[in-house]
Structures are given as C-alpha cells and as structure tokens.
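Not measured: the values here are computed from a predicted model.
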Amino acid sequence: MRLPLVLFAALVALSLLGQATLTEQGRAAIGRGTSDDTIGVLERAVAQTPKSAEAHFHLATAYAAAAQKRGIFGAAGFVSKVKAELENAIALNPRYVEARFALVEGYACAPGILGGSYPKAFEQAVEIKAIDPIVGHRAFAFLYAQQKKLDLAKKEYADALREEPDSPKAHSYFGQYLAAFEKDYPAALSELETALKLDPGYMPAFYHLGRVASLANTDLARGEEALTRYVAYAPKENEPTLASAHYYLGTIFEKQGRKEEATRGYQAALDLNPCLRSASGP
C-alpha cells in the first residue's frame, strides 16, 4: 500500500506546484503590463486555488490595471470585480496589508458613482494601522494628500518617525512624500540615505534614491550606483519593478550624456514591460 500512497502524495505535490506557478505567471505578467490573457491566467489561478489570498489579490490588481486602460466608462465593469477580489483576499488573510491598502486607494480614487468613499477608505486605514503602524500612517497620509490636506499628510509621516525613528521604511516613505509633494529633493535624498544607513539591505530605498536623483538631476553618480544595485535584485511583492528601475537608470545615463547606455537602459525597461511607453529612449 505504500507505493500508491507515495505516488498519490507526489501527484498532490505536483498539482500544488503547478497552481503556485500559475499565480506567479500572472503576477509576472502584471509586471509586463496587464492584458486579457493575464486576467485569464489569474482567473484560472483563483479557480484552482480559491483559498489563496495572493491569487485573489493579483487578480484584483490585473482587473484594476485593465480598468485604468479603459477610461471611466470602460472601467465600470471592472470596479466591482476589483473590490470583490480584494475583499476575498482580506477574508482569507485579514492581515494582508497590501490588499487593504489597495482598497484604500480604490475607495479614495474612484468616483462616487463607481463606489468611491472616503469613509470606507479611512476604515481600511484604521485596520492597516492596527496591523502595521508605519504602513497605517502612510495610508492616512495618502488619503489626506488626496484631499489636498498636505499638512495632515506630512504630520502622519512625522508621527511615524517619532514612533519608530529607527525604521528604514518610515524614512523611505517620508522621502518619497517629500519628493512627490514638496519637491524638496535634498531632504528626500537625505531621508532615503538615512533609511539605508539604518538598513543597508533595504532595497526599495535604493530604487527611490535613484529615482529622486534622476528627477532632481542631482547626485547622478549616487543615483546610478543605487539603481545599478537595484536592477541586480529580484524585487519582492509590492516593491518597485525592475522595468521602472531600468527606465530611471536610463534617464540618469541620458542626463550624463551617455546615450548608448541610456538606450540600453530604456530597452531593458521595454523588454521587461512593453507597455512602459515613457521608455522611448534619448
């Protein structure tokens, strides 16, 4: 009786491996620019692994990306699907911060006619803060920024740093805010460097440091160093994509007058994500 049991166990293991691969295939396809084929892959992943919170989350991401390409009227058919899949992910894993943050963004950015609701967005932010206070502060800051209440948004980041001054994530988030909303690039770069001093292995800070250096057209050598390190890394879920990193590395090369290297950087970005139209080259 042992041999049949062993064979059965092997078949189960192979089946589970195939299911995981299907989800990963969908996730990788999203990074290359979503398509109806990507949605199909992830719908099959959900059908095969209905209790996988990750499969539901990635399917929601694919639906959301498809909706963005279709405009407000074309997006209407996807909104309920995005919400349902995110809620499925959270029901399966209530501590799934990425799924909750996606709901925050969805409720805040969608028009009321498509289900947008700031009260519901803030409810999710409260839940996030109970799970991960730093990300919770970021969720509140995002909502305040959407409402043009930048003083309250900045206070959230200040509170996060006061509560956890040694958190590289908190410093990185604040640096991103300073660059995006205040255009205070020196202060942003300082926060990102602080994040790396606290944790030299915190890879998202390398990406954002390079991106800010490119946007500010300053400290380009440091930006190149940071992005070169990032493109040699395999990003985790919810971290900046390699396509974006290659794009910003290309912009740095272009600003340095290194046209051949810039072209290679842009091409690498397009190879990874053909939908990255901004990577048109010098």
Side-chain angles (χ1 to χ4, degrees), residues 8-107 109-110 114-115 124 203-204 207 230-247 266-279:
F8 177 75
L11 288 171
V12 170
L14 286 172
S15 175
L16 291 174
L17 178 61
Q19 293 167 4
T21 301
L22 198 60
T23 301
E24 287 302 311
Q25 286 175 354
R27 179 191 169 205
I30 290 172
R32 295 191 298 270
T34 192
S35 67
D36 290 339
D37 289 342
T38 305
I39 289 173
V41 168
L42 286 165
E43 285 177 338
R44 292 197 300 274
V46 166
Q48 292 181 8
T49 56
K51 293 186 179 181
S52 168
E54 290 76 15
H56 287 283
F57 173 71
H58 292 310
L59 179 55
T61 302
Y63 284 146
Q68 289 177 351
K69 291 184 176 182
R70 287 164 169 78
I72 186 169
F73 295 108
F78 287 95
V79 170
S80 61
K81 293 182 178 181
V82 173
K83 182 174 178 288
E85 292 304 325
L86 290 174
E87 289 176 343
N88 286 336
I90 292 168
L92 290 163
N93 179 5
R95 298 182 64 82
Y96 203 158
V97 169
E98 291 82 1
R100 289 190 182 276
F101 202 102
L103 271 181
V104 168
E105 294 175 317
Y107 281 130
C109 297
L114 293 182
Q124 287 298 322
M203 297 305 295
Y207 168 84
Y230 192 81
V231 297
Y233 166 71
K236 299 175 184 177
E237 182 178 344
N238 212 39
E239 290 183 341
T241 66
L242 291 179
S244 293
H246 278 290
Y247 167 74
Y266 291 135
Q267 188 58 54
L270 288 170
D271 288 343
L272 289 166
N273 184 356
C275 295
L276 196 65
R277 295 179 182 177
S278 55

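- Side-chain contact between T241 and P235: absent, with no pair of heavy atoms (C-beta onward) separated by less than 4.5 Å.
- Separation of atoms CG (N88) and OG (S52) is listed at 11.0 Å; rounding is to 0.5 Å.
- Between A55 and T49 the shortest heavy-atom distance is CB-OG1, 3.9 Å.
- Looking only at atom types and distance, the side chain of Y207 has no donor-acceptor partner in the side chain of E239 under 3.5 Å away.
- When every heavy atom of L42 is checked against every heavy atom of A62, the shortest pair comes out as CD1-CB, 3.8 Å.
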query = Where do L242 and Y233 land on the side chain to side chain contact (heavy atoms under 4.5 Å, CB included) test, with the steps shown first?
reply = CA-CA 8 Å; L242 291 179; Y233 166 71; 5.5 Å; no

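- I90 is linked by a side chain to side chain contact (heavy atoms under 4.5 Å, CB included) to A99, R100, L103, Q124, counting only residues two or more places apart in sequence or in another chain.
- Scored by the side chain to side chain donor-acceptor pair (under 3.5 Å) test, E105 finds no partners at all (sequence neighbours excluded).
- Between A243 and N273 the shortest heavy-atom distance is CB-CB, 3.8 Å.
- A side chain to side chain donor-acceptor pair (under 3.5 Å) with Y63 is found for one member of E85, K81, E43 and no other, namely E43.
- Across all their heavy atoms, L92 and H56 have their closest contact at CD1-CD2, 3.5 Å.
- When all heavy atoms of V82 and A64 are compared, the pair lying nearest together is CG2-N, 3.5 Å.
- Contact detail for A269 and Y247: the closest heavy-atom pair is CB-N, 3.7 Å.
- With rounding to the nearest 0.5 angstrom, the OG1 atom of T61 is 11.0 Å from the CD1 atom of I39.
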